[in-house]
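Everything on this sheet refers to the single structure shown next.
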Amino acid sequence: MMSFMRSDYSSAEEWLTELKADRGWQNQQNRLQKACPDEIISLRAESEQEIGKGEMNYLWGVHGHCVESMVAIMWTESSMSMVKLISQTTAMLTINWIEQLAASSPDVAEALTGRAGEKDEEQFHFVHPEATDEQAWQIHNEVKRLVTHFGLKDIYDHLSDMKKEHKVLLPSNAENLYNELVRMGMSDGEGYSLKTFRNYYSRPSATGTSR
């Protein structure tokens, strides 16, 4: 049984080793092993959302999805509770596990990247102009997963993170982006109105110049 006291561990590395051996992570691995490609996509989306809640998306990308580096950083954040540390680390371990699976399973890799049907799709209009073609389709699929799995606030927050990561370049006109997100699969029903979206989008950090 893991302890919820940092003082019970001599280092972040020792804590991570124990987490990997804990029943919680073992159960998550069993869930991943039994999952079909569509379930894998959902599990990755859930993990990405969890990392976003912890505001760790930027560092997670900067450190190349290295769990050890991220745990070392989070370990020093005294304001981060052990419960949050566990949830963040489990989400990162989940994404690592899925990335390793995709490297050895063409079916999973195709499902995750959406390469099979991309020629029939119109790419997301606000991909950052510096993105390569491969990166552009990855960003397209990230936005597609985002708008079909999450609520409007989470969509806004994640797009803001993607802007900081130079994945997207957002338009100054909220309606242009809203219409594009609806085209990508976002609901325009209750809880997803243009008026609500504009309220989030009016925040100073949201916009940039589109290409």
Tell me whether Glu14 at atom CD has more than 12 heavy atoms from other residues, nucleotides or ligands lying less than 6.0 Å away. yes
Is Glu190 atom CD crowded by more than 12 heavy atoms from other residues, nucleotides or ligands, each under 6.0 Å away? no
With a 4.5 Å limit on heavy-atom distance, are the side chains of Phe124 and Asn141 in contact? no
Less than 4.0 angstrom from a charged side-chain N to a carboxylate O is my criterion; do Glu175 and Arg198 meet it? yes
Heavy atoms of other groups near His65 NE2, more than 12 under 6.0 Å: yes
same_hphob_cluster(Val71, Met5) at 4.5 Å side-chain heavy-atom cutoff: no
Would you mind reporting whether Arg145 and Arg44 have side-chain heavy atoms less than 4.5 Å apart? yes
Going by the angle between their ring planes, with limits at 30° and 60°, are Phe197 and Tyr178 parallel, tilted or perpendicular? tilted
Residue list, salt bridge (charged side-chain N to carboxylate O under 4.0 Å, His left out) with Glu142, at least two apart or on another chain: Lys167
Do you know which two heavy atoms are closest between Lys20 and Trp25, and how far apart they sit? O-CD1, 3.2 Å
Taking all atoms of both residues into account, what is the closest heavy-atom pair of Ala72 and Thr76, and its distance? O-CG2, 3.5 Å
Can you name the nearest heavy-atom pair linking Ala35 to Leu43, along with the distance? CB-CD1, 4.1 Å
For Gln135, I'd like to know if atom CD has over 12 heavy atoms of other residues, nucleotides or ligands within 6.0 Å. yes
Among Asn96, Ile98, Thr94, which residue satisfies the side chain to side chain contact (heavy atoms under 4.5 Å, CB included) criterion with Ser47? Thr94
Any chance you could measure Tyr201, atom OH, to Ser160, atom OG, to the nearest 0.5 Å? 8.5 Å
